[in-house]
Amino acid sequence: MENADFSKIFWETAELLELKGDNPFKIRAYQKAARNIEGLSHNLEEVYQSGGLPALKEVPGIGESIAEHVEEIIKTGKFKKYESLLKEFPKNFIKLTEIPGMGPKTAMLLFKELKIDSAEKLEKAAKAGKLAKLPGFGEKKQQNILAGLELKKKVKGRFLLSEATQYAEAIVSKLKKIKEVDQILPAGSLRRQKETIGDIDILVTSKKPEAVMNAFVKLPQVDRILAKGKTKSSVVLKNDLQCDLRVVDPKCFGAAAHYFTGSKQHNILIREMAIKKGLKISEYGVFKGNKMIGGRTEEEVFRSVGLPYIPPEIREASGEIEAARGGLLPKLIELSDLRGDLQMHSKFSDGGNTIEEMAEYAKKLGYEYIAMTDHTVSTRVAGGQSEKEFLKELKYIDKLNSKLKGFYILKGVEVDIMADGTLDYKDAVLKEVEVVIAAVHSRFKMSKAEMTKRIIRALENKYVNILSHPTGRLIGQRAPYEVDMEQILKVAKDTGTCMELNSHPERLDLNDAHCRLAKEYKIKIAIDTDAHSINNLEDIKYGVATARRGWLEAREVINTLPIDKLKRALYIKR
DNA sequence: GCCGTTTTCGGCCCGACTGTTTTCAGTCG
């Protein structure tokens with residue numbers, strides 16, 4: 001069982017309880033547990049196997065009864081309470097609440113009054129005008145539900161961080177031109193740099209909010225307006241991404257920034273701390289009674305509850321508050337800490353640029369080195385080279401290096417891990433290479449035990465420096481292959497192998513939670529781009545963002561080292 | 001259902017906008 005499986009069950013349990021109109025605090029408890037399990041770096045099943053119920057109860061949001069539910073799910077593969085709740089409703093009924101504008105109350109009312117239990121029936125009834133006649137409904141509400149259905153059909157899921165970043169930057173640059181706009185900050189999950197983004201939240205300070213609102217909803221990117229008020233508006237952009245704008249007074253910028261950055265759970269924890277101190281925190285500031293005592297900056301908000309500044313990327317209610325209180329916050333890695341990029345491809349395999357062009361661009365980015373890691377023979381679709389061809393590339397790199405001043409091209413390779421865990425280049429060839437990156441590119445559907453064994457065998461090869469995209473997932477397209485990550489990390493630690501954090505926006509692999517786990521195992525990480533052209537080299541920022549979400553510091557990332565130290569670190573296994 | 005630097009019981013974050021309402025419920029973030 002993966003953590004995502006547990007969290008899905010508890011999310012849906014909460015949803016079902018909500019449909020039933022159960023105690024809202026109980027519902028919140030299930031949601032909180034689901035959210036915390038989602039962000040957990042350890043596998044919940046393994047937590048239970050090693051420490052039983054008491055270990056489960058250590059997880060925030062898991063108490064007596066949810067711990068028992070988890071145990072039940074592990075032992076029996078079932079969760080009786082959830083299944084009996086599910087039986088109380090028609091099949092797929094809870095999916096109705098995924099439609100924007102449809103909450104549990106509306107869904108239940110429509111079911112009771114019109115027997116609506118599917119999106120299809122909902123659409124039919126709305127089109128026939130049956131909804132508008134119900135008590136509490138009207139023409140507008142009916143239209144909104146139809147629009148929500150349309151949106152749901154079009155938008156399959158969340159947007160990649162890279163996509164949302166581009167859209168947000170375009171909006172921000174337009175908003176900056178509005179003269180009534182003072183400060184502007186993209187907030188929400190985008191500011192926390194989550195790997196996928198549900199919608200763009202933008203915060204603006206202005207003395208004339210209405211002027212900003214009017215300009216915002218008229219932006220060329222806007223397809224339609226969902227809501228427009230004095231200080232808050234929501235629109236759907238032409239690419240179907242929702243964008244919310246909120247305007248506040250400059251004096252509460254910090255409080256608003258903190259609030260709109262989230263995460264929701266983090267905010268709740270901070271607000272609870274405030275209450276204990278006799279304070280109240282809202283997006284308008286920090287208040288003692290009616291008196292505002294802070295909120296111009298985010299620092300003031302944190303200070304009001306006795307904490308230092310917590311970077312947005314780790315505001316996930318996953319231990320950052322405790323760390324901040326104990327003075328144990330990590331000094332998160334920054335883009336400028338990196339001295340080179342350790343995986344990329346050239347025209348020698350499937351890259352779009354020559355080695356010289358890649359090196360030239362890398363120099364412009366301020367790097368001191370790159371590793372050229374073209375594909376090997378098994379990855380023929382990606383122009384993988386035979387050993388003989390590859391040895392020629394190595395000689396070519398030697399020649400380039402003799403001409404370069406103040407820049408170094410490491411001789412690297414992205415070698416394939418075969419189904420049995422052997423590599424597709426002989427050790428005699430790998431011996432000539434400075435950076436050996438091993439990767440799984442085939443046979444993704446192996447059992448967890450087989451895949452784990454396969455990868456471990458590769459890690460045990462003394463020439464392998466880095467395990468590339470360790471789970472093989474493609475966000476929104478391909479699930480990670482089954483692998484026992486803790487087992488892999490243990491072997492990586494024992495053998496002195498690094499884990500890659502592949503910065504490709506669809507990979508981000510290791511993900512944030514795995515980075516944090518690797519940190520616990522004291523394993524070094526290589527953040528690289530896997531660039532196939534000069535255009536991809538700047539994707540490194542998404543890797544750094546993920547590393548920051550995984551609490552990584554510069555000293556835990558191998559390519560923050562200067563070249564001589566890096567070479568020594570790479571030779572540690574031999 | 002969870003949780004404790006006021007509590008093992010009694011709290012549980014806070015506010016905007018909409019649509020349908022004469023004062024608010026529902027939804028969302």
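Here the structure is a predicted model, which means the values were calculated and not measured. Just so we're on the same page: letters track the sequence lines, and every chain starts at 1.
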- Message: Regarding A:Y542 and A:E195, do their side chains bring together a donor and an acceptor under 3.5 Å, going by distance alone?
- Response: no

- Message: Does a side-chain N or O of A:S65 approach OP1 or OP2 of B:dG1 to a distance below 4.0 Å, or not?
- Response: yes

- What does A:T106 touch in the nucleic acid at a heavy-atom separation under 4.0 angstrom: a base, only the sugar-phosphate, or nothing? sugar-phosphate

- Take atom CE of A:M273 and atom P of B:dC12, then tell me their distance rounded to the nearest Å. 17 Å

- Message: Less than 6.0 angstrom separating the ring centers of A:Y82 and A:H69, yes or no?
- Response: no

- Message: Within the 4.0 Å heavy-atom criterion, would you say A:Q143 contacts the bases, only the backbone, or no part of the nucleic acid?
- Response: nothing

- Message: At 4.0 Å (heavy atoms only), tell me whether A:L269 reaches a base, stays on the sugar-phosphate, or touches nothing.
- Response: nothing

- Query: To the side chain of A:Y259, which of B:dC17, B:dC14, B:dG26 is closest?
  - Reply: B:dC14

- Message: Using a heavy-atom cut-off of 4.0 Å across all strands, would you classify A:I281 as base, sugar-phosphate, or nothing?
- Response: sugar-phosphate

- Task: Report which part of the nucleic acid A:K277 touches: base, sugar-phosphate, or nothing (heavy-atom distance under 4.0 Å, all strands).
- Result: nothing

- Does the side chain of A:N144 get closer than 4.0 angstrom to OP1 or OP2 of B:dG19 through an N or O atom? yes

- Item | Pairwise P distance for B:dG26 and B:dT21, with rounding to whole Å | 13 Å

- Message: Check this one for me: any side-chain N or O of A:K26 less than 4.0 Å away from OP1 or OP2 of B:dC3?
- Response: no

- Message: Can you check the distance between B:dC12 and B:dT7, where both ends of the measurement are the P atom (answer in whole Å)?
- Response: 16 Å

- Message: Suppose you measure atom C1' in B:dA16 against the same atom in B:dG11; what distance do you get, rounded to whole Å?
- Response: 25 Å

- Message: Rounded to whole Å, how long is the line connecting atom CD1 of A:I66 with atom C1' of B:dG1?
- Response: 6 Å

- Task: Let me know the distance between CD of A:E68 and P of B:dG1, rounded to the nearest Å.
- Result: 10 Å

- Side-chain N,O (A:Y284) to OP1/OP2 (B:dA16) below 4.0 Å: yes

- Query: What's the CD1-C1' distance between A:I27 and B:dG11, to the nearest Å?
  - Reply: 17 Å

- Message: Rounded to whole Å, please give me the gap between CG in A:L96 and P in B:dG26.
- Response: 17 Å

- Query: Among A:K519, A:R516, A:R548, which one satisfies salt bridge (Lys or Arg N to Asp or Glu O under 4.0 Å) with A:E553?
  - Reply: A:K519

- Message: Work out how far the C1' atom of B:dC17 is from that of B:dC9, and round it to whole angstrom.
- Response: 36 Å

- Item | Salt-bridge criterion met for A:K194 and A:E316 (N-O under 4.0 Å) | no

- Query: For the side chain of A:R246, counting heavy atoms from C-beta on, which of B:dA16, B:dC12, B:dT27 is nearest?
  - Reply: B:dA16

- Sugar-phosphate, base or nothing in reach of A:G101, heavy atoms under 4.0 Å: sugar-phosphate

- Item | Nearest-Å distance once atom C1' is located in both B:dT22 and B:dC14 | 25 Å

- Query: What nucleotide, of B:dT27, B:dC14, B:dC2, holds the atom closest to the side chain of A:S282?
  - Reply: B:dC14

- If you look at every strand shown and take non-hydrogen atoms under 4.0 Å, does A:K264 touch a base, only sugar-phosphate, or nothing? base

- Query: Out of B:dG29, B:dG1, B:dC14, which has the shortest distance to the side chain of A:Q242?
  - Reply: B:dG29

- Residues A:E272 and A:K276 bridged, charged N to O under 4.0 Å: no

- Task: Tell which nucleotide pairs with B:dT27, taking only Watson-Crick or G-U wobble pairs whose two distances are both under 3.5 angstrom.
- Result: B:dA16

- A:K32 near the nucleic acid: base, sugar-phosphate alone, or nothing, with a heavy-atom cut-off under 4.0 Å? nothing

- When the nearest nucleotide of DNA chain B is assigned to A:K280 and to A:P135 on a heavy-atom basis, which residue is associated with the more 5' position? A:K280

- Message: Any donor-acceptor pair, under 3.5 Å, between the side chain of A:N23 and the base of B:dG1, if you only look at N and O atoms?
- Response: yes

- Query: Have A:T471 and A:D509 got a donor and an acceptor in their side chains that come within less than 3.5 Å?
  - Reply: yes

- Note on the structure: Separation of B:dT7 atom C1' from A:I275 atom CD1, nearest Å, is 15 Å

- Send over the distance from A:I270 CD1 to B:dC14 P, rounded to a whole Å. 13 Å

- Task: Could you tell me whether the phosphate oxygens of B:dC17, OP1 or OP2, come under 4.0 Å of any side-chain nitrogen or oxygen in A:T231?
- Result: yes

- Query: Which residue lies toward the 5' end of DNA chain B, A:E272 or A:Q142, if each is placed at its nearest nucleotide?
  - Reply: A:E272

- Query: Using atom C1' of each nucleotide, how far apart are B:dT6 and B:dG1 to the nearest Å?
  - Reply: 22 Å

- Residues A:E113 and A:K130 bridged, charged N to O under 4.0 Å: no

- With a non-hydrogen cut-off below 4.0 angstrom, is A:P100 in contact with a base, only sugar-phosphate, or nothing? sugar-phosphate

- Query: Starting at NZ of A:K57 and ending at P of B:dG4, how long is that distance when rounded to a whole Å?
  - Reply: 13 Å

- Within 45° cone and under 6.0 Å: A:R315 NZ/CZ vs A:Y309 ring: yes

- Task: Identify which nucleotide among B:dT18, B:dG15, B:dC14 has an atom closest to any side-chain atom of A:A227, counting heavy atoms from C-beta outward.
- Result: B:dT18

- Which is true for A:F137 with a 4.0 Å heavy-atom rule: it touches a base, it touches only sugar-phosphate, or it touches nothing? sugar-phosphate

